[in-house]
There are 2 protein chains.
Amino acid sequence: MHHAINLRDKLRQFDDRWSPRTVATFNGHDVMIVKVEGEFTWHHHDDTDDFFLVLDGHLTIRMREGDVELGPGDLFVVPVGAEHQPFAEHEAHVLLIEPTGTPNSGDPATAAPRIEL
Amino acid sequence: MHHAINLRDKLRQFDDRWSPRTVATFNGHDVMIVKVEGEFTWHHHDDTDDFFLVLDGHLTIRMREGDVELGPGDLFVVPVGAEHQPFAEHEAHVLLIEPTGTPNSGDPATAAPRIEL
């Protein structure tokens, strides 16, 4: 039997920031949820676009061309290679999609480990 | 300048059922929104998983092993090759992700055209 994945239920299962949890896989990608607060590092991905969909709260994605502001139900795809810095003044919850194995910081040395929920 | 995509704004721009609108692209995939109501055809995709995230309403994805029920904030990935039939008793709004060019019905002859929003 198959079951749907309820994102709110999954979000209740952890509380640390900037540590994505994988809730599904899709065509070689991890579908992840993450709680963010504060400032992440400036980084880029050489090999992949970066998918963000805000579920709760407000997220700013700083880019060299200017800030992208996202509230609940807002989606943004950072193009491959583009430098960006996610920032959230208050706690926000975000759906992310990246190829399985992509380091979230753009650098395997500083990346969060892959955690399945 | 880059801008976020507000899914509710995009959903206000059309009203036909089972006709996905592409709102972004991501790693060779179309990120689409669709309004559904009633029963779609049984179909499968030979080459891709099928990503569903319900934004509003209730969606049933009938599969040979049993039904998968999705409400708002519920996500389900139909595995590549698996037969499925989406069904919504009442209007529902869904975020879909499929490789660009994938026929939504599994068959190019009956597929909805690609429409960008």
Side-chain angles (χ1 to χ4, degrees), chain A residues 1-11 22-33 45 47-56 58-80 82-84 93-100 102 117, chain B residues 1-11 22-33 45 47-56 58-80 82-84 93-100 102 117:
Chain A
M1 271 296 294
H2 298 286
H3 294 284
I5 293 148
N6 184 271
L7 298 180
R8 285 190 186 282
D9 286 350
K10 295 290 186 186
L11 283 161
T22 297
V23 296
T25 57
F26 168 73
N27 284 356
H29 294 73
D30 283 348
V31 180
M32 297 170 284
I33 49 175
H45 302 285
D47 304 316
T48 181
D49 297 332
D50 219 356
F51 176 102
F52 295 83
L53 172 63
V54 171
L55 303 169
D56 288 300
H58 188 94
L59 177 70
T60 302
I61 300 177
R62 297 174 179 155
M63 300 186 66
R64 297 303 182 191
E65 302 88 344
D67 293 351
V68 181
E69 305 292 347
L70 295 95
D74 285 345
L75 179 158
F76 184 66
V77 178
V78 176
V80 56
E83 286 188 286
H84 59 285
H93 302 165
V94 185
L95 184 78
L96 303 173
I97 308 179
E98 290 180 342
T100 302
T102 301
L117 254 197
Chain B
M1 272 296 296
H2 298 286
H3 293 283
I5 293 147
N6 184 270
L7 299 179
R8 287 193 185 279
D9 286 349
K10 295 291 187 186
L11 283 161
T22 297
V23 296
T25 58
F26 167 74
N27 284 356
H29 293 73
D30 283 346
V31 180
M32 297 170 284
I33 49 175
H45 302 284
D47 304 316
T48 181
D49 298 332
D50 220 356
F51 177 103
F52 295 82
L53 172 63
V54 171
L55 302 170
D56 289 301
H58 189 94
L59 177 71
T60 302
I61 300 178
R62 296 174 179 154
M63 300 186 65
R64 298 303 181 192
E65 301 88 343
D67 293 351
V68 180
E69 306 291 349
L70 295 94
D74 283 346
L75 178 158
F76 185 66
V77 178
V78 176
V80 57
E83 286 189 288
H84 59 286
H93 303 165
V94 185
L95 184 77
L96 303 173
I97 308 178
E98 289 181 343
T100 302
T102 302
L117 254 197

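Note: hydrogens, waters and symmetry copies are ignored here, and every other heavy atom, side chains too, is used. Lettering follows sequence order; numbering is per chain, from 1.
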Plane angle bin for Phe26(A) and His29(B) - parallel if under 30°, tilted between 30 and 60°, otherwise perpendicular: tilted

Residues that Thr100(B) engages under side-chain hydrogen bond (donor to acceptor under 3.5 Å, both in side chains), provided they are two or more places apart: Asp30(B)

Distance in Å, Asn6(B) CG paired with Leu75(A) CG, rounded so as to fall on 0.5 Å steps: 10.0 Å

Ile97(A) versus chain B, the contacting section by heavy-atom distance below 4.5 Å: both

Residue Leu53(B) versus chain A: region with a heavy atom under 4.5 Å: side chain

Proximity breakdown for Asp9(B) and chain A, heavy-atom pairs closer than 4.5 Å: neither

Spacing of Asn27(A) atom CG and His45(B) atom NE2 [to the nearest 0.5 Å]: 10.5 Å

Heavy-atom pair with the smallest gap, counting every atom of Ala4(B) and Val68(A): N-CG1, 3.5 Å

Residue Val31(A) versus chain B: region with a heavy atom under 4.5 Å: side chain

Partner residues of Asp67(A) under the side-chain hydrogen bond (donor to acceptor under 3.5 Å, both in side chains) criterion, sequence neighbours left out: none

Atom of His2(B), atom of Pro79(A) and distance for their closest heavy-atom approach: CE1-CG, 4.3 Å

Nearest-0.5 Å distance, CG of residue Asp74(B) to NE2 of residue His3(A): 12.0 Å

